[in-house]
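Structure first, commentary second.
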Number of protein chains: 2
Amino acid sequence: MRKKQASQSARVKHKRLSPDERRKDFIRKATEFFADEGFNGGTRELARRLGVTQPLLYRYFPSKEELIKEVYRTVYLEPLDSGWERRLTDRSRPIRERLQQFYSTYTDAIFTRTWLRIYLFSGLKGLDINRWYVSVVRDKILTRIVKECRFEAGLPAQGKPTASELEMAWVFHSGIFYYGIRKYIYESPVLEDKEKMIADALDVYLAGVTKVFAGVEKPVKSPAKSDRLDAAAGR
Amino acid sequence: MRKKQASQSARVKHKRLSPDERRKDFIRKATEFFADEGFNGGTRELARRLGVTQPLLYRYFPSKEELIKEVYRTVYLEPLDSGWERRLTDRSRPIRERLQQFYSTYTDAIFTRTWLRIYLFSGLKGLDINRWYVSVVRDKILTRIVKECRFEAGLPAQGKPTASELEMAWVFHSGIFYYGIRKYIYESPVLEDKEKMIADALDVYLAGVTKVFAGVEKPVKSPAKSDRLDAAAGR
DNA sequence: TTCGCTATTTATCATTCGATAAATCAAAAA
DNA sequence: TTTTTGATTTATCGAATGATAAATAGCGAA
């Protein structure tokens, strides 16, 4: 009746892994560990989960902080690899379909307990990488969405988005994002059909943004840099 | 040339405060301290900020954890005092105006660095009080908004909101909420005019939700519990 | 002023933390 | 097999942590 569980206090003959495989394994499991415990989780508890002793960590990472940076790097880069930009701007397909597909795959990547918790923990530390990620979302996603919406509404699509347009896109994007937070961080009941949530959010955004654009930016007015003017629709 | 700064290492004659005043002062300043440092902030550093010695904390709170619970209580209750529900359901005023006013005052209460950070830190701990707060938002705010929207659209307003309706309200609400996160947690540049952000979000939501409701729930269909059906507008 | 109460401080303990040095042992090289 | 290499462990350090006990000092009551 021996406990076969690895890394229990029972003496276990330790296997050896090649250095870079072990290193990758450390980073992957450390990601889940810090997602659970926060970055204040202890190196001993981490090592216990890894099935090794604590000092071994320092053979692979010069300090706990360096290990955490590796976790950042892998987590933040994870959802950024597939070919967003092309598919988002492929005007041969309807904008609704493009946005639905984009948010479907994007949220497939980030709507995990691990990703979201690491993101929130690191965001609360005010790290540069977090600012960088926010700027990526703004420049690579939201700016493009705004331009596509302008095109769809028959408006001139050149020029940077106004602050108001960007803000509306942020509100839309954040609304979808927070669905993941509610589900995986707060573990609150949500509408289980994620695709429908995205579809409804898109319906609301596209219907609303068209109306707002139509009421605001069509009339004679300098087309760019009209941000701070209180030209709001229907109020 | 003596440093007059309180609580510096220089010997300072310590004033005595009445116990409950001191206690309140501790909680208030501890809130800001934990908002800055996270709940792993040390009791010594906290005491230094309070201008007292560390063991004194244990005269007023049996443990660090109990102090933190007091912080939760005050923070979570802070934005819940004014008379939401009446003003939100006062149908003598236009729904847009009511929602604008509600979100204006609500965000005045919660859009502070301190409130938002305590909220996020506590949310990541999976505390009951956080779940409670989420349920308050759902039942006291979003459910009412959905009902008012139904009424505005000329639909029957009785019966609980469908999961889809609630989800749309969540996406709207979260979009506004995340404006505060972006501004005070990520310290990212946002549209400075908060009122305009709310107004635009409202425009989009009201325009979109009207259209979606009109396209979906008007036709012959069992009016309640139509959640999971893929009856979406214009797709 | 003196006394007594208690708010506050000083001193200290037991853990836990990140990190380092030295010993050990598995596996490749000879 | 024997030797060598380095991956992994054991042992340990110093600092920081939450918490407690005892000493001190401010302030109202007598």
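Values below: all heavy atoms of this structure, side chains included; hydrogens, waters and symmetry mates excluded. Everything numeric here is computed off the predicted structure, so don't read it as measured data.
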Next item on the list: For A/Glu45 and for A/Pro62, locate the closest nucleotide of DNA chain C by heavy-atom distance; then report the residue assigned to the nucleotide nearer the 5' terminus.
Entry: A/Glu45
Item checked: Any residue meeting side chain to side chain contact (heavy atoms under 4.5 Å, CB included) with B/Lys24, in chain and number order, not counting sequence neighbours -> none
Notebook entry, point to check: Got a sec, which residues hit side chain to side chain contact (heavy atoms under 4.5 Å, CB included) with A/Pro55, two or more places apart in sequence or on another chain?
Noted result: A/Thr53
Next item on the list: Could you state the atom-to-atom distance from CG of B/Leu50 to C1' of C/dT8 in whole Å?
Entry: 13 Å
Note to self: Ring of B/Tyr179, cation from B/Lys194 - is the NZ or CZ under 6.0 Å from the centre and inside 45° of the axis?
What the structure shows: no
Check: What's the closest nucleotide to the B/Pro55 side chain, out of C/dG18, C/dT9, D/dT10?
Finding: C/dT9
Margin query: Is it the case that the ring center of A/Phe177 lies less than 6.0 angstrom away from the ring center of A/Phe172?
Written below: no
Notebook entry, point to check: Think B/Tyr58 has a side-chain N or O under 4.0 angstrom from the OP1 or OP2 of D/dT20?
Noted result: no
Note to self: Is it the case that the side chain of B/Tyr178 and the backbone of B/His173 share a donor-acceptor pair, with hydrogens and angles ignored and the cut-off at 3.5 Å?
What the structure shows: no
Item checked: Distance below 4.0 Å between B/Tyr60 side-chain N/O and C/dT8 OP1 or OP2 -> yes
Note to self: On DNA chain D, compare the nucleotides closest to B/Arg59 and B/Gly41; which residue's is nearer the 5' end?
What the structure shows: B/Gly41
Notebook entry, point to check: Sub-3.5 Å donor-acceptor pair from the side chain of A/Arg113 to the main-chain atoms of A/Ile185, do we have one?
Noted result: no
Next item on the list: Return the value, rounded to whole Å, for the distance between atom CG of A/Leu57 and atom P of C/dC17.
Entry: 13 Å
Check: In whole angstrom, what separates B/Leu56's CG from D/dT20's C1'?
Finding: 14 Å
Margin query: Could you work out, with side chain to side chain contact (heavy atoms under 4.5 Å, CB included) as the rule, every residue matching A/Ser188, not counting sequence neighbours?
Written below: A/Tyr186, B/Val134
Show each protein N/O and nucleotides 13-15 of chain C N/O combination with a separation under 3.5 Å, one pair to a line.
none

Next item on the list: Using the test side chain to side chain contact (heavy atoms under 4.5 Å, CB included), find all partners of A/Ile129 that sit at least two apart in sequence or belong to another chain.
Entry: A/Tyr72, A/Tyr76, A/Leu127, A/Trp132
Margin query: How many whole angstroms separate atom CG of B/Asn40 from atom P of C/dG18?
Written below: 11 Å
Margin query: Looking at C/dG18, I'd like to know if its phosphate oxygens (OP1 or OP2) sit under 4.0 Å from a side-chain N or O belonging to A/Thr43.
Written below: yes
Notebook entry, point to check: Using a heavy-atom distance cut-off of less than 4.0 Å, which residues of residues 63-70 of chain A contact DNA chain C?
Noted result: A/Ser63, A/Lys64
Check: Could you give the CZ-to-P distance, from B/Arg48 to C/dT10, as a whole number of Å?
Finding: 15 Å
Item checked: Whole-Å gap separating P (C/dT9) and CD (B/Gln54) -> 11 Å
Check: In whole angstroms, how far is the C1' atom of D/dG18 from the CD atom of B/Glu37?
Finding: 17 Å
Notebook entry, point to check: In whole angstrom, what separates A/Phe61's CZ from C/dG18's P?
Noted result: 15 Å
Next item on the list: Find out whether A/Val146 and A/Thr162 are in side-chain contact, i.e. whether some heavy atom of one side chain is under 4.5 Å from a heavy atom of the other.
Entry: no
